[in-house]
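A short worksheet on the structure shown next.
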Protein chains: 2
Amino acid sequence: MRMSEGVEWAMHSCINLSWLDPDEAMTAARLAAFYELPPAYLNKQLQALARAGILSSTPGPRGGFRLARPLERITLLDVVTAIEGPGEAFRCEQVLRKGPVGREDVDYRKACFVSQAMRQAESAYRKELAAQTLADVRAKVERHIPDTPEVTRAWFARRRS
Amino acid sequence: MRMSEGVEWAMHSCINLSWLDPDEAMTAARLAAFYELPPAYLNKQLQALARAGILSSTPGPRGGFRLARPLERITLLDVVTAIEGPGEAFRCEQVLRKGPVGREDVDYRKACFVSQAMRQAESAYRKELAAQTLADVRAKVERHIPDTPEVTRAWFARRRS
DNA sequence: GGGGCCCTACTCGGATACCCGCTGTCCGAGTAACCCAGG
DNA sequence: CCTGGGTTACTCGGACAGCGGGTATCCGAGTAGGGCCCC
């Protein structure tokens, strides 16, 4: 069970976007250069965030991505769902159906107690993700490394050329 | 993010084993026939359980698998770890290191606040898995469908040939 | 000088290869049971 | 009849293909901006 690398990229990208001028869009290429990531692939992840309504995208010159809503209203679960999709990790394949006690008219994805137990654990996971917003994470960064926003802004300003 | 199919098989197999005579081992092939699963592949999963110390295996005629300890002492986390491995789903690739504020002497798998937030959520997930034993699941099955143990035993007895 | 049109360059967006890990299969090492011959 | 050895068949165990999804890339559609021509 391995989570996509894009989740990490997406979260850092959103936090970075919150530190920049909201009046101008940020290019996927420049955002990729910031962390030395493959530009086209980061673009793909940002597209997913845009489809999910977390970012808004504008094509053409002076185009790019920007936050569609403040970081206080973006949970970690929003980002994970946008990148990984809405499907759950544990997917009951209903092996009970094929067994001697199985019945065709029962949906074992809900009836099977193994499935229920796994869903309960995964529910706790999602609840924990939903309880944390990107603003919470950003606050911790600004608290422990206060010059990060300014350094980030300066880096993008110098690379404006 | 998708969990291996083998986790579901492993849990049902362990519960089934608890219903059978502990004095005789159960073949992977017969266990696979019970749910119409690929015998060799189920065998592979049971091997993983044996390596983790959840099952004990004996080769040769009259061989097979049996529970190494009672279901009360097998948590869902034990099974998941045995099949999926000990690695976490979210793996911080330390993108911060490549950024302008990154430092070579910092382990961002622990220092990065994004990573910390994700680890916190995953910790809640694992905690929930560790809180449930296979005996708890078995108890719910026996409570709601009481004849399951007997039907299971009868099926394997008839298929003893 | 001002306005409108065209051209250019830039960005996202989706379509297209590549690669690793899960899925599935096969054959060999090892062993317990059985059979048979000898005492 | 009892015992010991050889043979057989059965099981796990790991090594070997196949395939799907994540990873990475490229090119086209669309647009904003700038330059140029005309009024």
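Just so you know, these numbers use all the heavy atoms, side chains as well, and skip hydrogens, waters and symmetry mates.
If you walk DNA chain C from 5' to 3' and mark each nucleotide with an atom closer than 4.0 Å to a heavy atom of chain B, the marks span C:dT23 to C:dA33.
Remark: P of D:dG20 and CE of B:M3 are 22 Å apart, rounded to the nearest angstrom. Between the P atom of D:dG14 and the CD atom of B:Q47 lies a distance of 6 Å, rounded to the nearest Å. A:K44 has its NZ atom 11 Å from the C1' atom of D:dG21, to the nearest Å. Rounded to a whole Å, the OH atom of A:Y41 is 14 Å from the P atom of D:dG21. Rounded to an integer number of Å, the gap from CD of A:Q45 to P of D:dT25 is 13 Å. Atom pair B:N43:CG and D:dC16:P shows a separation of 18 Å (rounding to whole Å applied).
Residues B:S13 and B:N16 have side chains that never bring a donor and an acceptor to within less than 3.5 angstrom of each other. There is a side-chain donor-acceptor pair under 3.5 Å between A:E142 and A:W19. Counting only N and O atoms by type, the side chains of B:R119 and B:Q116 include no donor and acceptor under 3.5 Å apart. For A:T133 and A:R73, the side-chain atoms include no donor-acceptor pair closer than 3.5 Å.
For A:R91, there are no salt bridge (charged side-chain N to carboxylate O under 4.0 Å, His left out) partners at least two apart in sequence or on another chain.
Nearer the 5' end of DNA chain D, as judged by each residue's closest nucleotide, is the contact made by A:G6, out of A:G60 and A:G6. Nearer the 5' end of DNA chain C, as judged by each residue's closest nucleotide, is the contact made by A:P61, out of A:S57 and A:P61.
Taking every side-chain heavy atom of B:R2 into account, D:dG21 is the closest of D:dC26, D:dG21, D:dT23. The nucleotide whose nearest atom lies closest to any side-chain atom of A:A40 is, among D:dC26, D:dG22, D:dG13, D:dC26.
Under the 4.5 Å side-chain heavy-atom criterion for ILVMFWY residues, a single connected hydrophobic cluster contains both A:V106 and A:L96.
Between B:F113 and A:H144, the angle of the ring planes lies from 30° to 60°, which puts this pair in the tilted group.
Contacts of A:A28 with the nucleic acid, taken as non-hydrogen atoms under 4.0 Å apart, involve only primed sugar atoms and P, OP1 or OP2.
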